[in-house]
Amino acid sequence: YQADKFFIGLGINMIHIYCGIGFAFMMAMVVKRVEVAGVLAPVALTWFALFTGNFANTESITPILRWVRYISIFYLSYAGLAQNEFNGLEFSCDTSEDLCYKTGEHVIAAYALDAVSLWQAVVIEFAVGTAFNIIAYMFLRWAAKPRFNWI
(Lines give C-alpha, C1' and ligand atoms only; values in the text may rest on other atoms or scores of the structure.)
Protein backbone atom coordinates (compact mmCIF):
# COMPACT_ATOMS: atom_id res chain seq x y z
CA TYR A 1 0.00 0.00 0.00
CA GLN A 2 1.26 3.43 -0.89
CA ALA A 3 0.50 6.53 1.14
CA ASP A 4 1.11 8.84 -1.80
CA LYS A 5 -1.76 7.29 -3.77
CA PHE A 6 -4.05 7.75 -0.78
CA PHE A 7 -3.21 11.43 -0.39
CA ILE A 8 -3.40 12.09 -4.14
CA GLY A 9 -6.85 10.45 -4.19
CA LEU A 10 -7.88 12.52 -1.17
CA GLY A 11 -6.69 15.68 -2.95
CA ILE A 12 -8.63 14.79 -6.11
CA ASN A 13 -11.78 14.27 -4.03
CA MET A 14 -11.27 17.61 -2.27
CA ILE A 15 -10.91 19.40 -5.60
CA HIS A 16 -14.06 17.62 -6.79
CA ILE A 17 -15.92 18.97 -3.74
CA TYR A 18 -14.52 22.44 -4.50
CA CYS A 19 -15.91 22.17 -8.05
CA GLY A 20 -19.28 20.95 -6.81
CA ILE A 21 -19.60 23.83 -4.38
CA GLY A 22 -18.55 26.28 -7.09
CA PHE A 23 -21.15 24.82 -9.45
CA ALA A 24 -23.85 25.13 -6.78
CA PHE A 25 -22.88 28.75 -6.08
CA MET A 26 -22.89 29.52 -9.78
CA MET A 27 -26.35 28.00 -10.26
CA ALA A 28 -27.62 29.90 -7.22
CA MET A 29 -26.37 33.20 -8.62
CA VAL A 30 -27.26 32.68 -12.29
CA VAL A 31 -30.84 31.50 -11.73
CA LYS A 32 -33.15 33.85 -9.85
CA ARG A 33 -35.86 31.39 -8.83
CA VAL A 34 -35.26 28.34 -6.66
CA GLU A 35 -37.74 26.24 -8.63
CA VAL A 36 -35.90 26.88 -11.89
CA ALA A 37 -32.52 26.17 -10.29
CA GLY A 38 -33.95 22.91 -8.95
CA VAL A 39 -34.64 21.88 -12.53
CA LEU A 40 -31.57 23.26 -14.31
CA ALA A 41 -28.88 22.05 -11.89
CA PRO A 42 -29.72 18.33 -12.17
CA VAL A 43 -30.01 18.64 -15.95
CA ALA A 44 -26.55 20.20 -16.18
CA LEU A 45 -25.07 17.64 -13.79
CA THR A 46 -26.65 14.79 -15.76
CA TRP A 47 -25.17 16.25 -18.95
CA PHE A 48 -21.74 16.19 -17.32
CA ALA A 49 -22.30 12.67 -15.96
CA LEU A 50 -23.15 11.28 -19.40
CA PHE A 51 -19.67 12.13 -20.65
CA THR A 52 -17.79 10.76 -17.65
CA GLY A 53 -16.93 7.36 -19.03
CA ASN A 54 -18.95 5.30 -16.55
CA PHE A 55 -21.84 4.65 -18.91
CA ALA A 56 -20.02 4.62 -22.23
CA ASN A 57 -16.42 4.68 -23.31
CA THR A 58 -15.58 8.33 -23.98
CA GLU A 59 -14.00 7.44 -27.33
CA SER A 60 -17.33 6.01 -28.52
CA ILE A 61 -19.04 9.38 -28.04
CA THR A 62 -19.40 11.41 -31.22
CA PRO A 63 -16.47 13.81 -31.76
CA ILE A 64 -18.88 16.75 -31.88
CA LEU A 65 -19.74 16.22 -28.19
CA ARG A 66 -16.47 14.69 -26.98
CA TRP A 67 -15.15 18.08 -25.84
CA VAL A 68 -17.67 18.10 -22.96
CA ARG A 69 -15.45 15.70 -21.02
CA TYR A 70 -12.79 18.39 -20.64
CA ILE A 71 -15.14 20.61 -18.63
CA SER A 72 -16.99 17.77 -16.90
CA ILE A 73 -15.99 17.69 -13.26
CA PHE A 74 -17.05 14.04 -13.10
CA TYR A 75 -14.79 12.95 -15.99
CA LEU A 76 -11.80 14.81 -14.63
CA SER A 77 -12.21 13.28 -11.17
CA TYR A 78 -12.92 9.82 -12.57
CA ALA A 79 -9.92 9.90 -14.91
CA GLY A 80 -7.64 11.24 -12.18
CA LEU A 81 -8.77 8.67 -9.63
CA ALA A 82 -8.55 5.80 -12.14
CA GLN A 83 -5.03 6.80 -13.17
CA ASN A 84 -4.02 7.20 -9.54
CA GLU A 85 -5.34 3.73 -8.73
CA PHE A 86 -4.26 1.75 -11.80
CA ASN A 87 -0.91 3.27 -12.82
CA GLY A 88 1.90 0.91 -11.91
CA LEU A 89 -0.28 -2.15 -11.25
CA GLU A 90 0.44 -5.52 -12.83
CA PHE A 91 -2.11 -8.31 -13.02
CA SER A 92 -1.60 -12.03 -13.46
CA CYS A 93 -3.61 -13.48 -16.31
CA ASP A 94 -4.61 -17.03 -17.07
CA THR A 95 -3.74 -17.90 -20.66
CA SER A 96 -7.24 -19.28 -21.30
CA GLU A 97 -8.92 -15.93 -20.66
CA ASP A 98 -9.93 -13.91 -23.70
CA LEU A 99 -10.07 -10.54 -22.03
CA CYS A 100 -7.18 -9.91 -19.71
CA TYR A 101 -5.46 -6.70 -18.78
CA LYS A 102 -1.81 -7.28 -17.95
CA THR A 103 -1.17 -3.82 -16.49
CA GLY A 104 -3.15 -0.97 -15.03
CA GLU A 105 -2.17 1.18 -17.98
CA HIS A 106 -4.03 -1.25 -20.27
CA VAL A 107 -7.17 -0.76 -18.17
CA ILE A 108 -6.87 3.02 -18.41
CA ALA A 109 -6.34 2.87 -22.18
CA ALA A 110 -9.23 0.42 -22.67
CA TYR A 111 -11.66 2.80 -20.98
CA ALA A 112 -10.15 5.87 -22.72
CA LEU A 113 -9.33 7.57 -19.44
CA ASP A 114 -5.93 8.69 -20.68
CA ALA A 115 -7.04 11.74 -22.68
CA VAL A 116 -5.56 13.86 -19.89
CA SER A 117 -2.81 12.89 -17.48
CA LEU A 118 -3.37 12.70 -13.74
CA TRP A 119 -1.90 16.12 -13.07
CA GLN A 120 -3.62 17.69 -16.06
CA ALA A 121 -6.94 16.40 -14.70
CA VAL A 122 -6.17 17.96 -11.31
CA VAL A 123 -5.17 21.33 -12.78
CA ILE A 124 -8.09 21.47 -15.24
CA GLU A 125 -10.59 20.52 -12.55
CA PHE A 126 -9.22 23.17 -10.21
CA ALA A 127 -9.46 25.71 -13.06
CA VAL A 128 -13.07 24.69 -13.80
CA GLY A 129 -13.96 25.05 -10.12
CA THR A 130 -12.29 28.45 -10.00
CA ALA A 131 -14.19 29.49 -13.15
CA PHE A 132 -17.47 28.42 -11.51
CA ASN A 133 -16.65 30.54 -8.46
CA ILE A 134 -15.63 33.56 -10.57
CA ILE A 135 -18.85 33.35 -12.59
CA ALA A 136 -20.83 33.09 -9.34
CA TYR A 137 -19.04 36.15 -7.94
CA MET A 138 -19.64 38.16 -11.11
CA PHE A 139 -23.36 37.35 -11.07
CA LEU A 140 -23.51 38.11 -7.35
CA ARG A 141 -21.95 41.53 -7.94
CA TRP A 142 -24.31 42.17 -10.84
CA ALA A 143 -27.41 41.07 -8.91
CA ALA A 144 -26.56 42.77 -5.61
CA LYS A 145 -25.73 46.19 -7.13
CA PRO A 146 -23.81 47.56 -4.14
CA ARG A 147 -24.56 51.14 -3.16
CA PHE A 148 -21.06 51.88 -1.97
CA ASN A 149 -18.72 53.72 -4.31
CA TRP A 150 -15.59 52.49 -2.57
CA ILE A 151 -16.19 48.74 -3.16
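Quick note: numbers below take in every heavy atom, side chains included, and nothing from hydrogens, waters or symmetry partners.
Aromatic ring centres of Phe126 and Tyr18: separated by under 6.0 Å.
Criterion: ILVMFWY side-chain heavy atoms under 4.5 Å apart, direct or through other members. Under it, Leu140 and Leu40 are part of a common hydrophobic cluster. Linking Ile, Leu, Val, Met, Phe, Trp and Tyr whenever their side-chain heavy atoms come within less than 4.5 Å puts Ile15 and Trp119 in one cluster. Note: the hydrophobic cluster containing Ile124 does not contain Ile21 (ILVMFWY, side chain heavy atoms under 4.5 Å, direct or indirect links). Using a 4.5 Å cut-off between side-chain heavy atoms of Ile, Leu, Val, Met, Phe, Trp and Tyr, with links allowed through other members, Leu50 and Val39 fall into different hydrophobic clusters. Under the 4.5 Å side-chain heavy-atom criterion for grouping Ile, Leu, Val, Met, Phe, Trp and Tyr, Val36 is connected to Ile135 within one hydrophobic cluster.
Panel note: side chain Thr62, backbone Leu65; no donor-acceptor pair is recorded below 3.5 Å. A donor-acceptor pair under 3.5 Å is formed between the side chain of Glu105 and the backbone N or O of Gly88.
Considering every non-hydrogen atom in both Ile73 and Phe132, the closest pair reads CG2-CE1, 4.1 Å. Listed here is the closest heavy atom pair of Lys5 and Asn87: NZ-O, 2.8 Å. Closest heavy-atom contact between Ala121 and Leu76: CB-O, 3.6 Å. Minimum heavy-atom separation, Arg69 to Tyr75: O-CD2, 3.2 Å. Ser117 and Gln83 make their closest contact through C-OE1, 3.2 Å (heavy atoms, listed as atom of the first residue, atom of the second, distance). The heavy-atom pair separating Ala37 from Pro42 by the smallest distance is O-CD, 4.0 Å.
Exactly one residue among Trp142, Tyr137, Phe139 makes a side-chain contact (heavy atoms from CB on, under 4.5 Å) with Met29. That residue is Phe139. Results of the side-chain contact (heavy atoms from CB on, under 4.5 Å) test with Leu118 over Ile8, Val123, Ile108 single out Ile8 as the only residue that passes.
Heavy atoms of other residues, nucleotides or ligands lying less than 6.0 angstrom from CD1 of Ile64 number 12 at most. In Phe25, the CZ atom is not crowded: 12 or fewer heavy atoms of neighbouring residues, nucleotides or ligands sit closer than 6.0 Å. In the displayed structure, Glu85 atom CD is contacted under 6.0 Å by at most 12 heavy atoms of other residues, nucleotides or ligands.
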Show the numbers, then the answer: is there a side chain to side chain contact (heavy atoms under 4.5 Å, CB included) between Ile71 and Phe48? CA-CA 8 Å; Ile71 61 168; Phe48 284 153; 4.1 Å; yes
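Under the 4.5 Å side-chain criterion, counting only non-hydrogen atoms from C-beta, Asn13 is in contact with Leu81. The closest side-chain heavy-atom distance from Tyr101 to Phe86 is not below 4.5 Å. Side chains of Val128 and Phe23 form no contact here, defined as non-hydrogen atoms less than 4.5 Å apart.
Here Met14 contributes atom CE and Phe7 contributes atom CZ; the two are 11.0 Å apart, rounded to the nearest 0.5 Å.
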